[in-house]
Amino acid sequence: MIKNVVIVGGGTAGWMSACYLKATFGPRVAVTLVESKNIPTIGVGEATFSTVRHFFHYLGLQEREWMPECSATYKLAIRFENWREPGHHFYHPFERTRVVDGFPLTDWWLQQRPSERFDDDCFVIPALCENLSSPRYLDGDIFEQREDRGGNGAEPVGRSTMSEQQTQFPYAYHFDTVLLAKFLTKYGTERGVRHVLDDVTNVALDERGWISHVDTAGHGELHGDLFIDCTGWRGLLLNQALEEPFQSYQESLPNDRAVALRVPVDAETRGMRPCTTATAQDAGWIWTIPLFDRIGTGYVYAGDYISADEAEQALRAFVGPAADGLEANHIRMRIGRTRNSWVRNCVGIGLSSGFVEPLESTGIFFIQNSIEQLVKHFPDGTWNERLRLSYNNRVARMMDGVREFLFLHYYAAGRQDNQYWKDTKARPMPDGLAERIEQWKVKLPDSDSVYPYYHGFEPYSYQAMLLGLGGVPLQASSVLGAVDSAAAMKELQFVRQEAQDLVAKLPSQYEYFAALRQSSRP
């Protein structure tokens with residue numbers, strides 16, 4: 001049994017890993033985290049998947065305990081602006097497609113076209129986003145629990161992981177990653193994580209080429225059985241010391257830089273839209289993430305098309321006068337994955353393992369899934385090679401699947417108004433995607449036609465993107481022309497009515513979190 005784990009690097013990846021391992025093993029496994037005071041957290045992503053709730057639940061944390069501490073808000077969807085054409089927007093919600101007479105409602109919508117808004121017709125969440133609604137009532141109930149829609153909003157019983165999420169939970173979170181790391185530092189150290197603030201000066205290998213210890217400037221040698229590399233894009237252990245090669249996704253996902261601003265806002269006056277917004281730009285896109293006390297925003301772009309100065313100017317113009325005097329954070333991103341995330345006695349988690357750009361908020365999802373898979377593959381003293389092979393396959397397939405899904409965003413976007421957007425249609429496709437797209441043109445994606453390995457995205461996500469982006473011609477399923485559509489039309493009308501009823505009853509995000517903060521005060 002592995003008795004001693006050393007995590008090199010803090011931030012979100014390091015502290016999520018440390019807290020999860022300590023919650024799993026308690027005193028049976030010693031966990032040491034060493035991080036430098038001199039290396040800042042990247043903090044590119046502040047938005048998450050709905051599956052992240054399992055992480056907090058696994059740690060025994062309730063929303064009222066951690067959300068106010070991390071300036072957190074709810075995320076029900078991603079709002080895509082200007083990807084089809086200027087002025088157009090659509091939502092990719094955390095909401096599975098309803099099924100009528102054996103066919104998804106999106107298929108019926110494509111055949112019937114009751115309006116030009118597939119998202120408003122097929123889902124209730126877009127209306128909540130438009131009206132700045134909270135997914136919870138002031139008493140804490142989730143809207144799906146009261147609506148009795150199959151228990152999608154039910155809280156998990158006992159510890160749960162992503163594999164136990166059989167239904168689509170209706171929201172994820174926005175939070176300040178720096179504040180989250182600070183919160184988890186306190187949580188972890190109170191439960192026995194040894195926290196070492198120091199610089200790692202050397203990674204020492206034994207005669208087999210395995211890591212024996214790391215040398216630090218002030219604490220000497222830190223020995224361990226298993227080492228976790230959370231050193232970000234540096235890959236200090238995995239890429240540098242163990243020389244595991246990095247495989248770039250750059251030819252299909254060219255956005256390799258970002259510039260970010262932290263914009264203070266008065267949320268009471270402005271309100272908080274419960275979604276991430278991704279606004280297409282000349283050489284990429286801008287994220288807008290509403291936290292309780294500020295807006296996180298940044299321009300993700302391809303350095304081959306515009307300069308860093310041009311990107312910052314575009315971002316400041318997008319934000320407007322509120323950007324005056326704010327310091328911009330410029331980031332160079334490594335897009336792709338390390339060939340194997342687990343090499344010998346070292347596992348890379350977070351950016352050292354891989355990153356695909358923050359378009360669908362996958363960064364923290366990668367961390368969470370990697371931690372869960374590590375626990376499920378946790379080695380004993382024999383270091384069975386099959387465990388390592390299984391772990392590496394699952395992590396690699398997860399990232400390759402997300403790469404394919406993100407590539408589809410650009411390829412399927414209707415926008416072609418400059419060279420950047422024209423080039424998105426000409427880049428090499430991931431293996432198998434071209435055949436899938438041809439099939440989707442005549443039959444919307446289903447469980448048998450999307451990327452076959454777990455990567456966090458279900459068929460409804462592919463349907464939403466194809467219908468919203470508008471750049472791939474789609475035909476309605478031929479059989480629906482010969483099937484009675486009365487039940488489907490009734491359901492489409494019911495979705496609209498249900499959305500209106502929810503908007504009338506639910507509090508705003510600001511109202512909910514103002515009340516939550518008030519009740520959480522000692």
Side-chain angles (χ1 to χ4, degrees), residues 9-17 19-20 40-56 70 72 75 78 92 94 162 172-181 184 228-235 238 246 248-250 253 255-260 262 276-278 284-289 291 296-301 329 331-338 341 347-374 395-407 409 454-457 461:
T12 311
W15 282 107
M16 285 182 68
S17 299
C19 292
Y20 198 91
T41 300
I42 293 294
V44 171
E46 296 167 319
T48 58
F49 271 24
S50 62
T51 49
V52 77
R53 71 181 177 127
H54 294 285
F55 171 80
F56 294 106
C70 300
K75 170 189 171 184
I78 299 178
H92 172 199
F94 291 119
M162 287 189 282
Y173 305 108
H174 299 132
F175 49 66
D176 186 316
T177 52
V178 175
L179 293 179
L180 178 66
L184 292 178
I228 298 180
D229 187 343
C230 296
T231 62
W233 287 311
R234 290 187 303 149
L238 192 61
F246 177 78
S248 176
Y249 291 161
Q250 198 83 35
L253 295 174
N255 293 347
D256 59 349
R257 299 188 182 191
V259 54
R262 299 162 68 94
T276 301
T277 301
W285 59 279
I286 288 176
W287 78 77
T288 304
I289 296 176
L291 304 182
T297 187
Y299 189 172
V300 177
Y301 65 96
N329 180 20
I331 304 158
R332 296 180 68 98
M333 301 183 294
R334 186 178 72 161
I335 307 301
R337 65 172 173 87
T338 297
S341 291
V347 177
I349 292 180
L351 300 178
S352 63
S353 173
F355 185 70
V356 291
E357 79 154 274
L359 181 56
E360 283 280 353
S361 312
T362 53
I364 290 172
F365 165 72
F366 284 173
I367 295 169
Q368 183 187 2
N369 193 38
S370 296
I371 298 167
E372 289 189 5
Q373 291 301 324
L374 176 58
V395 171
R397 288 167 177 167
M398 168 187 67
M399 294 186 184
D400 288 348
V402 171
R403 172 201 187 187
E404 178 174 305
F405 186 53
L406 295 194
F407 180 91
H409 287 50
Y454 179 73
H455 60 296
F457 294 99
S461 292

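Since the model is a prediction, treat every value here as computed from it, not as a measurement.
Heavy atoms only, all atoms of each residue included: Thr338 and Phe246 are closest at N-CD1, 3.8 Å. Summarising the geometry of Trp287 relative to Ala258, their closest heavy-atom pair is CZ3-CB, 4.3 Å, with the distance given to 0.1 Å. What you find for Gly296 and Glu46 is that their closest heavy atoms are CA-OE1, 3.6 Å. Taking all atoms of both residues into account, the shortest heavy-atom contact from Ala278 to Leu359 is CB-CD1, 4.2 Å. When all heavy atoms of Asp229 and Leu238 are compared, the pair lying nearest together is OD2-N, 2.8 Å. Across Ile367 and Gly350, no two heavy atoms sit closer than the pair CG1-CA, 3.8 Å.
No side-chain heavy atom of Arg397 sits under 4.5 Å from any side-chain heavy atom of His455. Thr362 places none of its side-chain heavy atoms less than 4.5 Å from the side chain of Glu357. Leu180 is not listed as a side-chain neighbour of Trp15, based on a closest heavy-atom distance of 4.5 Å or more. Between Phe355 and Arg334, every side-chain heavy-atom pair lies at or beyond the 4.5 Å cut-off. The shortest distance between side-chain heavy atoms of Thr288 and Thr276 does not fall below 4.5 Å. Contact check for Tyr20 versus Leu374: no side-chain heavy atoms found under the 4.5 Å cut-off. Side-chain contact between Phe55 and Met162 is absent, with no heavy-atom pair separated by less than 4.5 Å. Between Ile335 and Asn255, the closest side-chain pair of non-hydrogen atoms is not below 4.5 Å.
In this structure, the separation between CD1 on Ile364 and OG1 on Thr12 is 5.5 Å, given to the nearest 0.5 Å. Atom OH of residue Tyr173 and atom OG of residue Ser361 lie 14.5 Å apart, to the nearest 0.5 angstrom. Atoms CE and CZ, on Met398 and Phe365 in that order, are 6.0 Å from each other to the nearest 0.5 Å. Note that CZ of Phe49 and CZ of Phe94 are 7.0 Å apart. Values are rounded to the nearest 0.5 Å. The line from CH2 of Trp233 to CD1 of Ile331 is 6.5 Å long, rounded to the nearest 0.5 Å. Annotation: the span from Gln368 atom CD to Met16 atom CE amounts to 5.5 Å, rounded to 0.5 Å.
Not one N or O on the side chain of Ser352 forms a donor-acceptor pair closer than 3.5 Å with the backbone of Gly348.
Side-chain contact annotation: Glu360 with His92, donor-acceptor N/O pair under 3.5 Å present. With hydrogens and angles left out, the side-chain atoms of Lys75 and Ser50 include no donor and acceptor closer than 3.5 Å.
For Ser353, the side chain to side chain contact (heavy atoms under 4.5 Å, CB included) partners at least two apart in sequence or on another chain are Ser341, Val395, Met399. Shown here are the ring-ring contact (aromatic ring centres under 6.0 Å, His included) partners of Phe405, two or more places apart in sequence or in another chain: His409, Phe457, Tyr462. Every residue two or more places apart in sequence or in another chain that forms a side chain to side chain contact (heavy atoms under 4.5 Å, CB included) with Ser17 is listed here: Ile7, Cys230, Ile349, Ile371.
A salt bridge links Arg337 with Asp400: at least one charged nitrogen is closer than 4.0 Å to a carboxylate oxygen.
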Applying side chain to side chain contact (heavy atoms under 4.5 Å, CB included), run through His174 and Thr48 and close with a yes or a no. CA-CA 7 Å; His174 299 132; Thr48 58; over 6 Å; no
Could you walk me through whether Tyr249 and Leu406 pass the side chain to side chain contact (heavy atoms under 4.5 Å, CB included) test, one step at a time? CA-CA 11 Å; Tyr249 291 161; Leu406 295 194; over 6 Å; no
